There are 2 protein chains.
Amino acid sequence: MNQTLPTIKEMAIRLKVSTSTVSRALSNHPRIGLKTRMEVQKLAKEIGYEANAKAIFFKEKRSNIIGVIVPQIREEFFSEAISGIESIAVEKDYTILFAQSFDDPEREEKVVDSMRKQRVDGLIISLSKQTTKFSHFHKLDKLNIPVVYFDRVPSFSNAHKVYCDLYTGTIKMIQWLFKKGYRRIGLINGPSNLAASKERLKGYIDGIVKQHLKVDMQLVEETDFSKETTCRAMHKLLNQKHPPTAIISFNDYVHMDAVQFAISNNIKVNRDIAFVSYANLPITGHIAYPPLISIEQYPFAQGSKAIEVLISLIQNQAQIADTDFVSIEVSPDLKETPVVSSPYY
Amino acid sequence: MNQTLPTIKEMAIRLKVSTSTVSRALSNHPRIGLKTRMEVQKLAKEIGYEANAKAIFFKEKRSNIIGVIVPQIREEFFSEAISGIESIAVEKDYTILFAQSFDDPEREEKVVDSMRKQRVDGLIISLSKQTTKFSHFHKLDKLNIPVVYFDRVPSFSNAHKVYCDLYTGTIKMIQWLFKKGYRRIGLINGPSNLAASKERLKGYIDGIVKQHLKVDMQLVEETDFSKETTCRAMHKLLNQKHPPTAIISFNDYVHMDAVQFAISNNIKVNRDIAFVSYANLPITGHIAYPPLISIEQYPFAQGSKAIEVLISLIQNQAQIADTDFVSIEVSPDLKETPVVSSPYY
DNA sequence: AAAAAATGCGCATTCGGTTGCGCAAAATTC
DNA sequence: GAATTTTGCGCAACCGAATGCGCATTTTTT
């Protein structure tokens, strides 16, 4: 067990030169003679010298570490996004410090604090559902730690953001349905207090209006994401005088529950009623009745974009005025469900 | 923009004491008088002083950072595992440095190296499918960085491991099927070169033998995880003189593809043929035909266990002999698919 | 009242590198 | 051959905190 690691000091002693010479020789400083340089580098290789990154980071006041906080990694959207973030990070020699808020503002504050204490070079975060306080983020400003919000972004404008515009996506979706001949379009939305639900509803209403259809709030139901309330919503939608001929589900999970309910009510999925959804998860490639189309939100791309923005912020920190805020809207697309290979365990 | 952060030096000057006094006052050293202590702590609060963790980590030679490497975060098994790791980490004031190998040994080596350079306090890793070289891990030993392998663990014994014994799980599953009256049990296995496939096959054979049934290799097919080969495997299984009455799929994704194929061949799922699987993913709670039972591998628990072992290794580093290796087998269970709420995007 | 112990604080070193500056020797110029 | 430039290297400061040791005071003990 090699308790003491090789340092430049040791090498300096062994080679009877100063530590500064060793340091410069290792970084190929032209002022160090070729002979000395070679000797130093040879010895370094021999004893397996490796600079202590902690010492350097300490002196240089950077760590090459980027913090990433998402509500829950088990949500496929976020695991894809992190995958995108991580793959760019490795490319650019950054590492990812990872944490989850579990949609709890208190935990979010705690993990943001711990990232601050670790002095990450920058932070990428998708906010918890309930975040209303931003004081823990302001503390980052004092340390000059740039923040890029993604997907669940704050509403104020003085922040760097990368997100997907579901409002427009919803309008596109309704346009698509209209073109296919669907006129009574239902929506199983999420809880009305969520921003994501409001966005969808706004897009839904404006989309309906845009096609010169009548907005009928009988066609809008809510789910709290449990199978029960989704089924209840389906029940209400199906048992009206004029039931919908197309149903938009809040996400692919809700879609699956809705489809199951439809089947058990002898409805021919995508024939009697068309089902469409948001998200476009890999799993939908394996289910019997995937949505006809999904709104693809490109989590991997959003993640990649977010870290690219962040790295440029980090590297140009000095030149950036407080008033330049990056705001990137990833345009959602309508996508049919692709066939995918299953992951391997 | 507060370019210069408060340091003990500044506080020392302002209070006309030495930095050592400030340092000790902040940590409530008894040798510092109560009055001085209070003054220092008051000023610290006022100017929002916070010790520079980098300086401390540098001096103390630890970072409170634990590295975690998995093949792919988008595999639900691993995202659950990391969730388990992260939740314990936050509790114990560690943070998680995260990376993926994407099942590429070269990338694995690269990310292990970057974790080493970052001087993580310890490493948790699930190996890539193809890892055969371990030199990058040996380099960690020199730095006294303990490693805990989980799920995909190496075969040599001198390593700390946490994993799930699928061999036993498979035997249990066959016993369960036998008790339910199934006698012709098929297996859609993964590629035969994978350790995970070998383990399942061994369990399958021994399980069949244990029930005094005859091993019939006609009942064992392979998939490369694409829908096509899974369907081909199903086709072969169904078109024999005596087709299986129960089918074990390699994982829930393969299960879904297999079930889809069965349905399109007018087979009543779980009536004509019983379907069982490994993994027990949250998504199976949303599909129409979940496996009758799944082998639950407790990824969250495995992750939690792994980090607990690692933290104890880190904290008792001095006392631990090189010969004490922890090896924890998480016992797999047979589980019916639970109904779950959908995650929210 | 002298000796011993407790109190309160500062000096200087350490962690492992990087870097500005200076100085001597060698090489070049005029 | 003197002046200038280039080459090669070392000294010492610095990053921000922790800490062993020592030195005065003050307090307690005998």
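Protein chains get the first letters and strands the later ones, always in sequence-line order, with residue 1 at the start of each. Scope of the values below: all heavy atoms of this structure, side chains included, with no hydrogens, waters or symmetry mates. Values in this document were obtained by computation on a predicted structure and should not be read as measured data.
In this pair, B:Phe134 and B:Tyr149 present their aromatic rings perpendicular. The plane angle is above 60°, beyond the 30 to 60° band.
Contacts of B:Thr7 with the nucleic acid, taken as non-hydrogen atoms under 4.0 Å apart, involve only primed sugar atoms and P, OP1 or OP2. If you check every strand for non-hydrogen atoms under 4.0 Å, B:Tyr49 touches sugar and phosphate atoms only. Backbone-only engagement by A:Val17 is indicated by non-hydrogen atom pairs under 4.0 Å involving sugar-phosphate atoms exclusively. Nucleic acid contact for A:Ile8: base, since at least one base atom lies under 4.0 Å from a heavy atom of the residue.
Scanning both residues, A:Arg152 and A:Pro71, for their nearest heavy atoms gives NH1-CG, 3.5 Å.
Phosphate contact (OP1/OP2 of C:dC9, side-chain N/O of B:Thr36, threshold under 4.0 Å): present. Residue B:Lys9 places no side-chain N or O under 4.0 Å from the OP1 or OP2 atom of D:dC14. For B:Thr21 and C:dG10, the shortest distance from a side-chain N or O to OP1 or OP2 is below 4.0 Å. Using a 4.0 Å cut-off, some side-chain N or O of A:Lys61 falls inside it from OP1 or OP2 of D:dG16. The phosphate of C:dC9 has neither OP1 nor OP2 within less than 4.0 Å of any side-chain N or O from B:Ser20.
Evaluation of atom-type donor-acceptor distances gives a pair under 3.5 Å for the side chain of B:Arg24 against the base of D:dG20. A:Arg31 contributes no side-chain N or O that forms a donor-acceptor pair with the base of D:dG10 under 3.5 Å. Applying the 3.5 Å distance criterion, the base of D:dG8 shares no donor-acceptor pair with the side chain of A:Arg37.
You'll find the side chain of A:Val90 reaches within 4.5 Å of the side chain of B:Val111, heavy atoms only.
In this structure, the NZ atom of A:Lys117 is 16 Å from the C1' atom of D:dA17, given to the nearest Å. We find that CZ of A:Arg62 is positioned 17 Å from P of D:dC15, with the value rounded to whole Å. Taking atom CD1 of residue B:Ile32 and atom C1' of nucleotide C:dA6, one finds them 14 Å apart after rounding to whole Å. Per the geometry, NZ belonging to B:Lys59 stands 13 Å off P belonging to D:dA17, to the nearest Å. The nearest whole Å value for the distance from the CZ atom in A:Phe58 to the C1' atom in D:dC14 is 9 Å. Rounded to whole Å, atom C1' of D:dG10 lies 15 Å from atom CD1 of A:Ile13. In this structure, the NZ atom of A:Lys35 is 14 Å from the C1' atom of C:dA25, given to the nearest Å. Distance, A:His29 NE2 to C:dG17 P: 18 Å, rounded to whole Å.
In this structure, A:Ile56 and B:Leu34 both approach DNA chain C, and ranking their closest nucleotides by distance from the 5' end singles out B:Leu34.
The residues A:Arg116 and B:Glu50 are annotated as salt-bridged, a charged nitrogen and a carboxylate oxygen being separated by less than 4.0 angstrom. Ion pairing of B:Lys110 with B:Glu106 is absent here, as no side-chain N (NZ or NE/NH1/NH2) approaches a carboxylate O to less than 4.0 Å.
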Practice task
Given salt bridge (Lys or Arg N to Asp or Glu O under 4.0 Å), test B:Arg107 with A:Glu86 step by step and report yes or no.
Solution key: CA-CA 12 Å; B:Arg107 198 176 206 266; A:Glu86 197 265 345; 3.1 Å; yes

